[in-house]
> 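After the structure tokens below, expect a handful of questions from me.
Heavy-atom basis, side chains included; hydrogens, waters and symmetry copies ignored.
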Amino acid sequence: MNYDNIIISIEEKVATVTINRPEKLNALNKATINDLSKAIKLLNKNEEVRVIILTGSGEKAFVAGADISEFANYTIEEGTQLAAEGHESLFDYIENLKKPVIAAINGFALGGGLELAMACHFRVASVNAKMGLPEVSLGLIPGYGGTQRLPQLIGKGRAMEMILTAAMISAEEAKEFGLVNYVVPQTELLTFTSVIAHKIIKNAPFAVGKAIKAINANFEDGKNGFDTEIKSFGKCFGTQDFKEGTTAFLEKRKAEFTGK
Ligand code: COA
């Protein structure tokens with residue numbers, strides 16, 4: 001499938017999705033959100049793909065936010081709908097995907113761009129990356145999950161300060177806050193991220209999906225994460241990969257997981 005605003009490459013079970021509007025610093029217009037949503041749904045079904053890496057085109061930006069030119073004249077109803085559709089079709093969808101999605105932040109990750117990175121399961125940044133939620137400087141608040149995911153990741157006080165000041169933080173500060181797991185030179189960003197992806201690929205896919213679900217349950221309203229963990233743990237015992245993993249350990253050999 002061809003897309004106007006993203007590029008997909010698949011290599012050794014890792015799909016790299018590159019948001020490709022460098023002239024607009026990869027700002028998320030509706031068409032790009034649609035492309036991303038369709039592509040991630042297809043990659044989720046593709047058995048050749050075990051991990052997805054999300055990055056931006058060019059050396060300057062991961063994503064510099066939602067496309068301001070598209071919503072500048074929106075009404076209350078249109079604004080509400082914009083946020084609700086984005087949550088459902090892309091941001092929440094990524095967060096709840098069974099396959100890990102890693103954000104490789106190669107430059108500015110602002111507004112919807114940082115929200116997209118935060119919807120991913122974890123983040124790696126290049127040294128030049130800058131992150132922020134500048135929406136209040138536009139008379140808005142973050143609308144793609146930023147007010148919820150940022151405090152989950154860095155704590156309420158730091159999130160309040162970042163959102164209320166609209167200020168950007170450096171990659172190093174983001175690492176110190178726990179917003180990104182690693183900071184690496186820009187030229188090494190994708191290779192470094194791909195090495196982490198391959199560490200994940202060695203493990204049982206069903207178990208990886210259930211681990212994501214159980215961890216996410218800790219942050220969901222009305223959910224008891226411990227219950228989700230117990231049920232998910234139990235379900236793993238019904239898989240061939242569980243038998244293979246434990247047998248391989250006892251036979252002192254490497255497990256060959258099939259995803260069954
Ligand atoms: N929406 C739409 N267009 C955007 C954009 C966004 N979020 N961010 C950048 N662009 C566009 C600019 O309008 C410009 O387009 P043009 O060349 O047609 O005028 C192009 O991308 C390059 O951006 P520019 O501002 O010239 O680059 P810069 O290096 O001077 O500044 C930023 C970089 C990231 C600081 C600046 O682009 C910016 O503040 N962007 C908006 C960030 C934001 O508020 N995001 C949250 C949106 S909710």
> Please tell me whether Val14 and Ile8 are part of a single hydrophobic cluster in this structure, the criterion being side-chain heavy atoms less than 4.5 Å apart.
no
> Check whether any side-chain heavy atom of Met131 sits under 4.5 Å from a side-chain heavy atom of Leu179, and report yes or no.
yes
> Mind jotting down which residue pairs meet the side chain to side chain donor-acceptor pair (under 3.5 Å) criterion with at least one end in residues 120-136? Sequence neighbours excluded, please.
Ser126-Asn128
> Could you report the tightest heavy-atom contact between Ala109 and Leu114, atom names first, then the distance?
O-CB, 3.4 Å
> Students often mix this up, so state it plainly: with edges at 30° and 60°, are the rings of Phe91 and His87 parallel, tilted or perpendicular?
tilted
> Quick one: which residue pairs count as a salt bridge (charged side-chain N to carboxylate O under 4.0 Å, His left out) with a foot in residues 240-252, not counting sequence neighbours?
Glu244-Arg253, Glu251-Arg253
> Just so I know, are the side chains of Ile94 and Ile52 near enough to count as touching, which here means a heavy-atom distance under 4.5 Å?
no
> Looking at every heavy atom in both Asn106 and Gly56, which two are closest together, and how far apart are they?
ND2-O, 2.9 Å
> For Gly146 and Pro151, which heavy atoms make the closest approach, and how far apart are they?
O-CD, 3.7 Å
> Could you state whether Val63 and Ile53 fall into the same hydrophobic cluster, counting links through intermediate Ile, Leu, Val, Met, Phe, Trp or Tyr residues with side-chain heavy atoms under 4.5 angstrom apart?
no
> If you round to the nearest 0.5 Å, how far is CG of Leu54 from OG1 of Thr193?
11.0 Å
> Quick check: is Val51 connected to Val101 through a chain of hydrophobic side chains (ILVMFWY, heavy atoms under 4.5 Å apart)?
no
> Does anything in residues 139-152 form a side chain to side chain donor-acceptor pair (under 3.5 Å)? List the pairs, not counting sequence neighbours.
Asp92-Arg149, Glu95-Arg149
> Just wondering, do Tyr93 and Leu97 contact through their side chains at under 4.5 Å, heavy atoms?
yes
> Which heavy-atom pair separates Gly111 from Pro134 by the least distance, and what is that distance?
N-CD, 3.4 Å
> Tell me every residue that passes ring pair (Phe, Tyr, Trp, His ring centres under 6.0 Å) with Phe257, counting only those two or more places apart in sequence or in another chain.
none
> If you look only at distance, which donor and acceptor atoms sit under 3.5 Å apart when one is on a side chain in residues 194-213 and the other is two or more places apart or in another chain?
from   : atom 1 : to     : atom 2 : distance (Å)
His198 : ND1    : Ser194 : O      : 2.9
His198 : NE2    : Glu12  : O      : 3.2
Asn203 : ND2    : Lys199 : O      : 3.2

> Within the distance-only criterion (no hydrogens, no angle test), does the side chain of Glu78 pair as donor or acceptor with the backbone N or O of Phe71 below 3.5 angstrom?
no
> Applying the 4.5 Å side-chain criterion to the ILVMFWY set and letting contacts propagate, would Met118 and Phe108 be lumped into a single cluster?
no
> Return the CG to CD distance between Asn218 and Glu229, rounded to the nearest 0.5 Å.
10.0 Å
> With Phe249, which residues qualify under ring pair (Phe, Tyr, Trp, His ring centres under 6.0 Å), at least two apart?
none
> Side-chain polar contacts of residues 79-86 - donor-acceptor pairs under 3.5 angstrom, sequence neighbours left out - could you list them?
from  : atom 1 : to    : atom 2 : distance (Å)
Thr80 : OG1    : Ile76 : O      : 2.7
Gln81 : NE2    : Glu85 : OE2    : 2.8

> Nearest 0.5 Å, what's the CE-CG distance between Met1 and Leu43?
11.0 Å
> Work out which heavy atom in Ala104 is nearest to a heavy atom in Thr55; give both atom names and the distance.
O-OG1, 2.9 Å
> To the nearest 0.5 angstrom, please state how far the OG1 atom of Thr16 sits from the CD atom of Glu11.
8.0 Å
> How is the hydrophobic cluster of Phe226 composed, in terms of its other members, when Ile, Leu, Val, Met, Phe, Trp and Tyr link through side-chain heavy atoms under 4.5 Å apart, directly or indirectly?
none
> Under 3.5 Å, sequence neighbours excluded: what are the donor-acceptor pairs made by side chains of residues 19-37?
from  : atom 1 : to    : atom 2 : distance (Å)
Asn20 : OD1    : Ser57 : OG     : 2.9
Arg21 : NH1    : Ala27 : O      : 2.7
Arg21 : NH1    : Asp67 : OD2    : 3.0
Arg21 : NH2    : Asp67 : OD2    : 3.3
Asn26 : OD1    : Arg21 : N      : 2.8
Asn26 : ND2    : Ser57 : O      : 3.0
Asn26 : ND2    : Ala61 : O      : 3.0
Asn26 : ND2    : Phe62 : O      : 3.1
Asn29 : OD1    : Thr32 : N      : 2.9
Asn29 : OD1    : Thr32 : OG1    : 2.4
Lys30 : NZ     : Tyr74 : OH     : 3.4
Asp35 : OD2    : Asp4  : N      : 3.3
Asp35 : OD2    : Asn5  : N      : 3.0
Asp35 : OD2    : Asn5  : ND2    : 3.2
Ser37 : OG     : Lys41 : NZ     : 3.4
Ser37 : OG     : Ser89 : O      : 3.1

> For Glu59, which residues count as a side-chain hydrogen bond (donor to acceptor under 3.5 Å, both in side chains) partner, sequence neighbours excluded?
none
> Count the heavy atoms of every other residue, nucleotide or ligand shown that sit under 6.0 Å from CZ of Phe233, and state whether that count exceeds 12.
no
> Show me the donor-acceptor pairs within less than 3.5 Å that the side chains of residues 155-175 make with the rest of the protein, sequence neighbours left out.
from   : atom 1 : to     : atom 2 : distance (Å)
Thr165 : OG1    : Glu161 : O      : 2.6
Thr165 : OG1    : Ala167 : N      : 3.2
Ser170 : OG     : Glu173 : N      : 3.1
Ser170 : OG     : Glu173 : OE1    : 3.3
Glu173 : OE1    : Ser170 : N      : 3.0

> Quick one: salt bridge (Lys or Arg N to Asp or Glu O under 4.0 Å) partners of Glu88, sequence neighbours excluded?
none
> For the residue pair Cys236 and Thr239, what are the closest heavy atoms and their distance?
O-OG1, 2.7 Å
> Would Ile7 and Ile10 show up in the same hydrophobic cluster when neighbours are defined by side-chain heavy atoms closer than 4.5 Å?
no
